[in-house]
Amino acid sequence: MPTSPIPLHDLAADGHGVIGVERIRPAQGPVRNGVHRHAYHELFFFTEGSGTHMIDLHTHAWTGPSMHVVGPGQVHQLHRSAGTQGVVVMFGTEALLDPLRLHAVNQLFSSGGPCSALDSPLSSGVLPLVELLEKELQQGGATEEMLFGYLSIILLKCVEGRKGTAAASGSDANDPVQRFTRALEEQFLDKRQVSAYADDLAVTPGHLNELVRKRLGKSASEVVQDRLLLEAKRLLLHSDRSVKEVSYALRMDDPAYFNRMFKKATGMTPVEYRTHIREKYKG
């Protein structure tokens, strides 16, 4: 199954590699994309058109206005009509180093399904912000703090827009994937085993893994590991704790194991990552 040939740092030509905006414009005939996946999040906003969107082997028929969310690692394939118009906002995992954006993404990607209606209030609130973000990326010179600010508001607007859909369906409170991500956010430091979350949800670990994989494109254990790794990155960026102290803060009593785990996941030791990320965001 092919993957996207576009590396994360090429999302935007001006070097702001963790955020990108791409326009979907009308074509002379229907467009059928190949099956692929990315290492970053995507928010699709279709203002016109129709088609189908296969996301993790589930095909969703859609008619614009429509909003679709696709997470890192999820395979997807978009078929769209000739007159389809829209825009895609793309952002990498570094955007989630901020707790507010992390919380918004968790809410957005764990509720309401991957495709939903883009109603007028949501459209009028989000699309002008996307245009401003796009303009900043095209002009260059904007700080990543400014770009992240636009992204934060876009995500919060999307979450707010989806709350009405979830409330109307009545499924939000009992949705096991959303309950899992909420519990993980509150307990990831103390609970590392999927079986512990599955017990709380009264499902088997295998069933929880299946539900989470369908919704988020990865297993529940990978989601737990990613959340722990994200916390490690945040501590390395924002705190002056030593690597050993970061390890202990993550309830990992073996700093050597923490070093191995971190390097296996990122390709860098914690010290190398701290140097890299602080150099990137200095000033």
Side-chain angles (χ1 to χ4, degrees), residues 37 39-43 53-60 67-76 91 93 95-117 155-156 158-235 249-253 257-258 261-262 264-265:
R37 57 186 169 187
Y40 45 83
H41 297 81
E42 293 179 287
L43 303 178
H53 200 167
M54 183 278 286
I55 303 173
D56 275 344
L57 306 182
H58 290 269
T59 300
H60 308 268
M67 179 176 73
H68 306 181
V69 297
V70 179
Q74 288 190 298
V75 294
H76 71 118
F91 56 95
T93 54
L96 306 186
L97 292 174
D98 176 80
L100 180 139
R101 286 190 294 274
L102 172 64
H103 182 64
V105 168
N106 283 339
Q107 288 186 293
L108 187 59
F109 279 75
S110 65
S111 64
C115 303
S116 59
L155 290 170
L156 291 171
C158 290
V159 169
E160 186 64 29
R162 279 205 160 189
K163 281 183 179 178
T165 302
S169 68
S171 61
D172 190 48
N174 295 318
D175 179 74
V177 176
Q178 185 161 6
R179 291 172 62 198
F180 165 68
T181 56
R182 282 200 302 263
L184 176 63
E185 191 61 27
E186 295 172 358
Q187 305 175 59
F188 71 92
L189 287 175
D190 300 309
K191 287 187 178 181
R192 305 289 172 81
Q193 300 300 317
V194 173
S195 58
Y197 293 99
D199 287 345
D200 291 343
L201 296 172
V203 299
T204 66
H207 185 51
L208 179 58
N209 265 309
E210 180 182 0
L211 293 173
V212 172
R213 187 179 291 280
K214 285 181 179 179
R215 183 77 63 80
L216 304 181
K218 56 184 69 177
S219 69
S221 59
E222 288 173 321
V223 174
V224 173
Q225 177 80 355
D226 286 352
R227 183 60 185 90
L228 188 65
L229 185 65
L230 179 63
E231 192 67 17
K233 290 179 177 180
R234 286 168 55 185
L235 289 171
L250 297 174
R251 313 282 206 274
M252 300 177 72
D253 296 330
Y257 172 77
F258 168 64
M261 181 273 289
F262 192 93
K264 182 178 179 180

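How far CD of Gln187 is from CG of Asp200: 6.5 Å, rounded to the nearest 0.5 Å. Summarising the geometry, atom CZ belonging to Arg251 is positioned 5.0 Å from atom CG belonging to Leu189; distances are rounded to the nearest 0.5 Å. Rounded to the nearest 0.5 angstrom, Arg192 CZ and Leu184 CG are separated by 10.5 Å. Rounded to the nearest 0.5 Å, atoms CG (Asn106) and CZ (Arg182) are 11.0 Å apart. The distance from atom NE2 of His41 to atom OG1 of Thr93, rounded to the nearest 0.5 Å, is 8.0 Å. The line from NE2 of His103 to CG of Leu156 is 9.0 Å long, rounded to the nearest 0.5 Å.
Pairing each heavy atom of Val69 with each of Gln74, the nearest pair is O-OE1, 4.4 Å. Nearest heavy-atom pair, Ala95 versus Arg101, reported as atom, atom and distance to 0.1 Å: O-NE, 2.7 Å. Contact between Leu96 and Leu102 at its shortest, heavy atoms only, is O-CB, 3.7 Å. Taking each heavy atom of Pro176 and Leu201 in turn, the nearest pair found is O-CD1, 3.8 Å. Contact between Leu155 and Ala104 at its shortest, heavy atoms only, is CB-CB, 3.9 Å. Residues Gln107 and Val159 share a closest heavy-atom pair of OE1-CG1, 3.5 Å.
Lys214 pairs by the side chain to side chain donor-acceptor pair (under 3.5 Å) definition with Glu210, not counting sequence neighbours. Every residue was checked against the side chain to side chain donor-acceptor pair (under 3.5 Å) condition with Arg213, not counting sequence neighbours, and none meets it. In this view, His68 and His53, Ser66 satisfy the side chain to side chain donor-acceptor pair (under 3.5 Å) rule, not counting sequence neighbours. In this structure, Gln225 has no side chain to side chain donor-acceptor pair (under 3.5 Å) partners at least two apart in sequence or on a different chain.
Applying the side chain to side chain donor-acceptor pair (under 3.5 Å) test between His76 and each of His60, Glu42, His58, Arg37 identifies Glu42 as the sole match.
Applying the ring pair (Phe, Tyr, Trp, His ring centres under 6.0 Å) test to residues at least two apart or on different chains, the pairs with a partner in residues 180-201 are Phe180-Tyr197.
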Self-check item: Phe109 and Thr181: CA distance, side-chain angles, deciding distance, side-chain contact (heavy atoms from CB on, under 4.5 Å) verdict
Solution: CA-CA 10 Å; Phe109 279 75; Thr181 56; over 6 Å; no

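Side-chain contact between Val212 and Val194 is absent, with no heavy-atom pair separated by less than 4.5 Å.
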Kindly list each side-chain donor-acceptor pair under 3.5 angstrom involving residues 202-209, sequence neighbours excluded, with atom names and distances?
residue	atom	partner	partner atom	Å
Thr204	OG1	His207	N	3.0
Asn209	OD1	Ala220	N	2.7
Asn209	ND2	Pro205	O	3.3

